[in-house]
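Structure, as structure tokens:
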Amino acid sequence: MKIATWNINGVKARLETVKTWLKEAQPDVACLQEVKSMTEAFPADVFEDLGYNVAVHGQKSFNGVAIFSKTPFDEVIIGLPGNEADEQARYIEAVIPGDKGIVRVASIYLPNGNPVDTEKYPYKLEWMSHLKAHAETLLAYEEPLVLAGDYNVIPEARDVHAPSAWEGDALYRPETHAAFRAIMNLGFTDALRAVNAEDAQYTFWDYQAGAWPKNNGIRIDHMLLSPQAADRLESCRVMRETRGWEKPSDHVPVMIDLAV
DNA sequence: ATGACCTGTTTAACAGGA
């Protein structure tokens with residue numbers, strides 16, 4: 001089963017780009033972030049026409065996450081359990097049947113956290129703490145589990161073009177790294193790093209200042225695998241070529257193949 | 001060149017992103 005994650009930066013602006021990608025890459029499951037659409041306004045029919053079942057957790061203007069699946073969902077959970085007071089649409093989870101059993105998949109849009117001297121940074125750390133608590137619950141199910149999304153976390157120096165330029169940034173601060181490691185240390189595998197140890201495996205390039213032609217990127221889109229998913233991992237690829245397409249998102253998809 | 005963008009919104013400048 002091919003499972004992908006992609007921050008599309010607006011479903012309306014990216015309609016043709018996402019359709020092209022779905023037709024070419026043929027993911028069985030696609031986790032999208034920053035759809036920037038209310039649930040009711042989401043163009044689900046466009047993707048249903050391509051053979052997908054569509055689950056959306058949207059809001060007006062900003063944020064918003066979705067999961068597409070070729071197979072009907074067994075279950076959909078809207079919002080991060082245990083964080084019901086959160087007004088921002090940043091989490092959706094679904095259980096999807098595969099050939100050999102189910103897989104549980106979440107589409108996550110973790111807060112950016114900048115500027116760090118505002119309430120945005122504690123909000124990010126608090127959100128990560130809620131995610132950790134829920135991840136711990138899910139790991140106890142001992143299922144193939146994929147926590148996919150835009151984490152807004154640069155894990156290591158090899159994941160950023162100019163580490164010194166990111167010191168103090170919410171994506172790269174020690175507190176951010178500590179919170180991310182606390183989640184990883186529950187027992188997750190970073191799918192990309194399970195198959196590729198090279199540096200510069202970027203998933204985001206700013207639209208500004210020629211970041212893409214200069215390859216000034218960062219790796220912030222991740223697929224975290226439970227042990228039962230990691231044991232079934234067959235491949236993981238960053239779909240870098242999509243950043244060169246017409247009307248690109250500033251992020252590119254990451255796609256895994258799981259034997260489920 | 002210390003330059004350079006993109007999206008959504010109460011369609012004219014903002015806010016937000018990373």
Side-chain angles (χ1 to χ4, degrees), chain A residues 5-21 31-43 46 56-66 86-91 107-125 127-128 131 148-177 179-180 200-222 238 240 242-254:
Chain A
T5 182
W6 195 9
N7 179 322
I8 60 172
N9 187 20
V11 69
K12 287 188 272 291
R14 215 68 58 214
L15 214 47
E16 291 308 314
T17 312
V18 173
K19 277 168 66 183
T20 300
W21 172 71
C31 301
L32 306 182
Q33 302 87 36
E34 278 207 271
V35 301
K36 295 185 173 178
S37 164
M38 290 190 288
T39 304
E40 315 82 76
F42 192 91
V46 169
V56 181
H57 179 27
Q59 72 176 85
K60 195 181 172 82
S61 306
F62 307 117
N63 309 316
V65 287
D86 190 7
E87 290 177 356
Q88 301 187 26
R90 297 180 173 277
Y91 186 95
S107 179
I108 295 168
Y109 179 44
L110 208 142
N112 174 296
N114 282 307
V116 293
D117 59 352
T118 67
E119 71 291 342
K120 291 179 184 229
Y121 193 54
Y123 171 69
K124 174 180 194 156
L125 294 178
W127 209 96
M128 292 180 84
L131 178 62
D150 175 359
Y151 278 75
N152 272 310
V153 174
I154 303 166
E156 298 178 87
R158 62 178 163 163
D159 298 314
V160 50
H161 168 261
S164 58
W166 290 83
E167 271 170 33
D169 190 279
L171 280 62
Y172 200 61
R173 283 177 72 86
E175 299 93 327
T176 305
H177 284 148
F180 187 66
Q201 300 300 298
Y202 305 141
T203 65
F204 170 90
W205 297 260
D206 202 298
Y207 288 122
Q208 299 183 72
W212 167 241
K214 290 182 199 162
N215 197 25
N216 290 350
I218 52 179
R219 189 174 76 93
I220 56 175
D221 298 271
H222 309 302
V238 177
R240 182 189 172 91
T242 64
R243 189 63 176 78
W245 289 2
E246 263 183 60
K247 290 261 308 177
S249 171
D250 41 6
H251 296 250
V252 299
V254 181

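All figures in this text were calculated on a predicted structure; none of them were measured in a lab. Letters go in sequence order (proteins before strands), and every chain restarts at 1.
Distances shown here put every side-chain N or O of A/Tyr202 at or beyond 4.0 Å from the OP1 or OP2 atom of B/dA18. At B/dC6, none of the side-chain N or O atoms of A/Asn9 fall inside 4.0 Å of OP1 or OP2 (strictly under the cut-off). Phosphate proximity of B/dG17 to A/His251: absent, as no side-chain N or O sits under 4.0 Å from OP1 or OP2. The phosphate of B/dC6 has neither OP1 nor OP2 within less than 4.0 Å of any side-chain N or O from A/Arg14.
Counting any heavy atom pair closer than 4.0 Å across all strands shown, A/Asp150 reaches sugar-phosphate atoms only and no base atom. The residue A/Tyr151 sits apart from the nucleic acid: no heavy atom pair falls under 4.0 Å.
Here the side chain of A/Lys36 is nearest to one of B/dA18, B/dG16, B/dA4, namely B/dG16. Relative to the side chain of A/Phe62, the nucleotides B/dA4, B/dG16, B/dA18 differ in distance, and B/dG16 lies closest. Distances were taken from every side-chain heavy atom of A/Ile220 (C-beta onward) to each of B/dG16, B/dC5, B/dA18; the shortest belongs to B/dA18. Counting only heavy atoms from C-beta on, A/Phe204 has its side chain closest to B/dA18 among B/dC5, B/dA18, B/dG8.
To the nearest angstrom, C1' of B/dT7 lies 13 Å from CD of A/Gln208.
Taking each heavy atom of A/Asn9 and A/Lys36 in turn, the nearest pair found is OD1-NZ, 2.8 Å.
Taking the six-membered ring where the residue is Trp, the centroids of A/Tyr91 and A/His57 are separated by 6.0 Å or more.
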